[in-house]
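All values below come from the heavy atoms of this structure, side chains included, with hydrogens, waters and symmetry mates left out. Computed from a predicted structure; not experimentally measured.
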Amino acid sequence: TSNGIHNAAIGIGLRPTVNGTERTIEAHLLDYSGESIYGESVSIGLTERLRDEERFESLEELCEAMSRDVARTRELNPMSLANAETRAIG
């Protein structure tokens with residue numbers, strides 16, 4: 001798309017917590033507030049593996065793990081928009 005380059009926390013797998021049966025790739029774009037890109041072709045580059053896929057007992061546990069993944073992704077990619085703005089000001 002013409003939306004540029006964005007850091008993302010990406011999940012690749014079968015989504016066992018929701019009984020998924022097909023391998024998927026899901027990307028949570030950090031600091032992205034643009035138009036929907038569902039159905040668009042995108043390119044991804046992987047830089048760090050955070051954890052193995054796991055089955056959680058609840059969607060709440062899954063969401064908590066995803067929040068930790070996003071936080072870790074921000075640590076590994078310090079030039080996300082929020083951090084870039086902080087650096088420009090400070």
Side-chain angles (χ1 to χ4, degrees):
T1 70
S2 60
N3 293 312
I5 297 172
H6 300 277
N7 290 322
I10 298 172
I12 302 173
L14 299 175
R15 305 179 309 143
T17 302
V18 296
N19 299 316
T21 59
E22 294 184 25
R23 186 166 311 279
T24 62
I25 300 173
E26 298 177 305
H28 173 81
L29 302 182
L30 277 57
D31 306 312
Y32 179 77
S33 60
E35 64 188 50
S36 174
I37 59 172
Y38 278 96
E40 298 288 332
S41 294
V42 298
S43 297
I44 61 171
L46 305 175
T47 58
E48 189 85 23
R49 182 183 176 117
L50 300 183
R51 62 178 172 86
D52 290 335
E53 183 174 45
E54 54 190 295
R55 180 181 180 85
F56 295 95
E57 294 299 316
S58 68
L59 291 178
E60 182 178 338
E61 288 181 15
L62 170 62
C63 289
E64 290 169 359
M66 291 169 64
S67 291
R68 290 189 299 272
D69 294 343
V70 167
R72 181 68 180 136
T73 299
R74 287 187 189 286
E75 291 173 9
L76 295 168
N77 297 285
M79 289 307 293
S80 69
L81 180 60
N83 290 332
E85 289 175 352
T86 301
R87 288 175 187 208
I89 294 170

Identify whether Leu59 and Met66 are in the same connected component of the hydrophobic contact network (ILVMFWY, side-chain heavy atoms under 4.5 Å).
yes
Holding to salt bridge (Lys or Arg N to Asp or Glu O under 4.0 Å), I want the full list of residues that pass it with Arg72, two or more places apart in sequence or in another chain.
Glu75
Can you tell me how far the CG atom of Leu29 sits from the CD1 atom of Ile10, to the nearest 0.5 Å?
8.0 Å
Taking all non-hydrogen atoms of both residues into account, name the closest pair between Glu53 and Arg15 and its distance.
OE2-N, 2.9 Å
Output for pair (Thr73 OG1, Leu30 CG), nearest 0.5 Å, gives 6.0 Å
Under 4.5 Å between any side-chain heavy atoms of Arg51 and Arg68, yes or no?
no
Measure across Phe56 and Thr17 and return the closest heavy-atom pair with its distance rounded to 0.1 Å.
N-OG1, 2.9 Å
Membership question, hydrophobic clusters at under 4.5 Å side-chain separation (ILVMFWY): are Leu50 and Ile12 in the same one?
no
Nearest-0.5 Å distance that lies between atom CG in Asp31 and atom CZ in Arg74
4.5 Å
Can you name the nearest heavy-atom pair linking Glu54 to Pro16, along with the distance?
O-CG, 3.6 Å
Do Ile25 and Leu46 sit in the same hydrophobic cluster, where Ile, Leu, Val, Met, Phe, Trp and Tyr count as joined when their side-chain heavy atoms come under 4.5 Å apart?
yes
